[in-house]
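In listed order, ligands and their atoms are each counted from 1.
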Amino acid sequence: MWRELLPLGRHPGSGGYRRYAWTGADAECRAWFAAQAERRGLRLDVDRNGNQWAWLGDPADGNAVVTGSHLDSVPDGGAFDGPLGVVSAFAALDELRRRGEKDGTRRRTRGQDPFPRPLGIVNFGDEEGARFGLACVGSRLTAGQLTRDRAHTLTDGDGITLPRAMEAAGHDPDAIGADPERLARIGAFVELHVEQGRVLDLSGDRVGIASAIWPHGRWRFDFRGEANHAGTTRLADRRDPMLPYAETVLAARREAELAGAVATFGKIAVEPNGVNAIPSLVRGWLDSRAADQTSLDTVVAGVEKAARDHAAAHGVDLDVVRESRTPVVDFDHALRDELARILGRERDDGQASARIPVLGTGAGHDAGILSASIPTAMLFVRNPTGVSHSPAEYAAEDDCLAGAGALADVLEGLVYG
Ligand code: HGY
Ligand code: MN
Ligand code: MN
């Protein structure tokens with residue numbers, strides 16, 4: 001699977017991935033998913049929001065067990081964030097079928113369908129929000145956390161709206177919206193993901209279970225000044241928006257340190273973007289995350305105040321727009337405990353598995369979005385450097401195999417009870 005997937009959307013210069021929603025690279029990833037489903041005799045189903053589902057059994061029976069993740073990427077992202085969860089889902093199904101062949105009496109229970117609960121594998125669309133600025137668009141729409149009207153206003157850096165991009169990719173943008181019937185058929189969603197930190201590396205474990213996701217959000221800061229000549233405009237006469245922007249970046253770092261949180265300006269747009277012109281506009285995007293909502297609010301309020309003070313001091317206008325907000329996620333305790341029980345129980349080979357670590361994360365996930373509607377859980381696979389959202393993101397093959405094996409155990413435990 002990796003051999004076919006790895007070349008798709010890979011940028012030859014950076015070696016990273018540029019798999020943005022509704023682009024050609026995205027279409028190639030979707031075709032890969034459809035081919036994997038077909039190869040396994042799964043029924044492919046693209047929902048009203050463009051998420052892809054591959055079904056074994058009929059989801060209309062209800063109480064389905066679903067696993068999967070996303071295939072899109074951040075700009076120059078790594079190979080594992082997202083795809084590891086999708087590849088592992090197919091690998092886990094293959095493993096379950098192998099186990100079923102070895103022990104047909106115990107596991108083959110219903111005619112042609114070997115599992116007592118429907119099993120789905122999902123590829124959620126536009127998880128990273130790299131193109132339209134909002135993360136988890138596919139799952140947010142499905143869960144009713146993003147309205148069709150708001151989604152229709154999302155626009156990429158070239159001014160192409162989400163509905164236009166969807167239409168160009170052959171998807172009906174008028175069909176998008178909440179899909180409670182679909183979610184009502186799912187009894188459990190488990191997303192496997194590469195860890196985006198070093199908790200497992202430090203604890204010496206290959207696989208862990210997610211406890212919580214930090215609340216987080218994205219804010220756009222527009223500093224508007226006056227374009228002018230870089231050589232002839234006296235410093236005293238300038239209204240240079242780059243200056244309050246720079247002060248704001250430093251303030252974000254200070255506020256995050258004080259609150260034990262994180263804050264990042266990772267994207268910036270400058271107009272007119274000329275070497276010898278004072279900018280008229282500096283637009284910077286703040287991504288901030290904290291362990292609790294109060295700390296996050298404190299950080300963002302502190303950054304905004306600093307931005308306003310510095311903008312005023314430089315004669316620059318400022319608009320701050322919150323583009324997204326994701327509340328804290330505390331994953332379903334019963335499902336979490338069940339995963340721990342399944343992964344901790346004695347295995348067929350008589351070897352008791354070690355205790356499974358439980359860890360929180362500052363990264364957002366479709367599982368977090370869905371957790372407001374259905375029981376969800378996550379498995380993390382060790383990342384030896386912790387690096388993510390970078391071409392250097394990595395997970396060792398043995399750890400990936402351990403992750404897929406753990407996912408197979410979890411799916412088997414859930415479908416057979
Ligand atoms: O940005 C995030 O936390 C995620 O990887 N979508
Ligand atoms: Mn990511
Ligand atoms: Mn991800």
SB check Arg220 Glu323 (cutoff 4.0 Å): yes

His193, portion touching ligand 1 at heavy-atom distance under 4.0 Å: neither

Enumerated ligand 1 atoms positioned under 4.0 Å from heavy atoms of Ala363: 3 (O)

Minimum non-hydrogen distance to atom 1 (O) of ligand 1, winning option of Arg289, Glu127, His365, His216: Arg289

Please tabulate, for side-chain N and O atoms in residues 244-255, each donor-acceptor pair with protein atoms closer than 3.5 Å (sequence neighbours left out).
from: Thr248; atom 1: OG1; to: Pro244; atom 2: O; distance (Å): 2.6
from: Arg253; atom 1: NE; to: Glu257; atom 2: OE2; distance (Å): 2.9
from: Arg253; atom 1: NH2; to: Glu257; atom 2: OE2; distance (Å): 3.3

Residue pair Glu304 / Trp219, side-chain heavy-atom distance below 4.5 Å: no

Side chains of Glu271 and Ser280, donor plus acceptor under 3.5 Å: no

Identity and distance of the protein heavy atom lying nearest atom 5 (O) of ligand 1: His389 NE2, 3.1 Å

Derivation of the salt bridge (Lys or Arg N to Asp or Glu O under 4.0 Å) call for Asp94 and Arg40: CA-CA 8 Å; Asp94 295 345; Arg40 290 168 177 80; 2.8 Å; yes

No-hydrogen, no-angle side-chain donor-acceptor test under 3.5 Å, Ser388 and Asn383: no

Sub-3.5 Å N/O-N/O distance, Glu128 and ligand 1: yes

Count of N, O or S atoms belonging to protein, less than 2.8 Å from the Mn ion (ligand 3): 3

Glu338/Arg341 salt bridge by N-O under 4.0 Å criterion: yes

Identity and distance of the protein heavy atom lying nearest atom 4 (C) of ligand 1: Gly364 O, 3.3 Å

Between Asp81 and His70, a side-chain donor and acceptor under 3.5 Å: yes

salt_bridge(Arg336, Asp330) N-O dist < 4.0 Å: yes

Of all N/O/S atoms in His389, the name of the one nearest the Mn ion (ligand 2): NE2

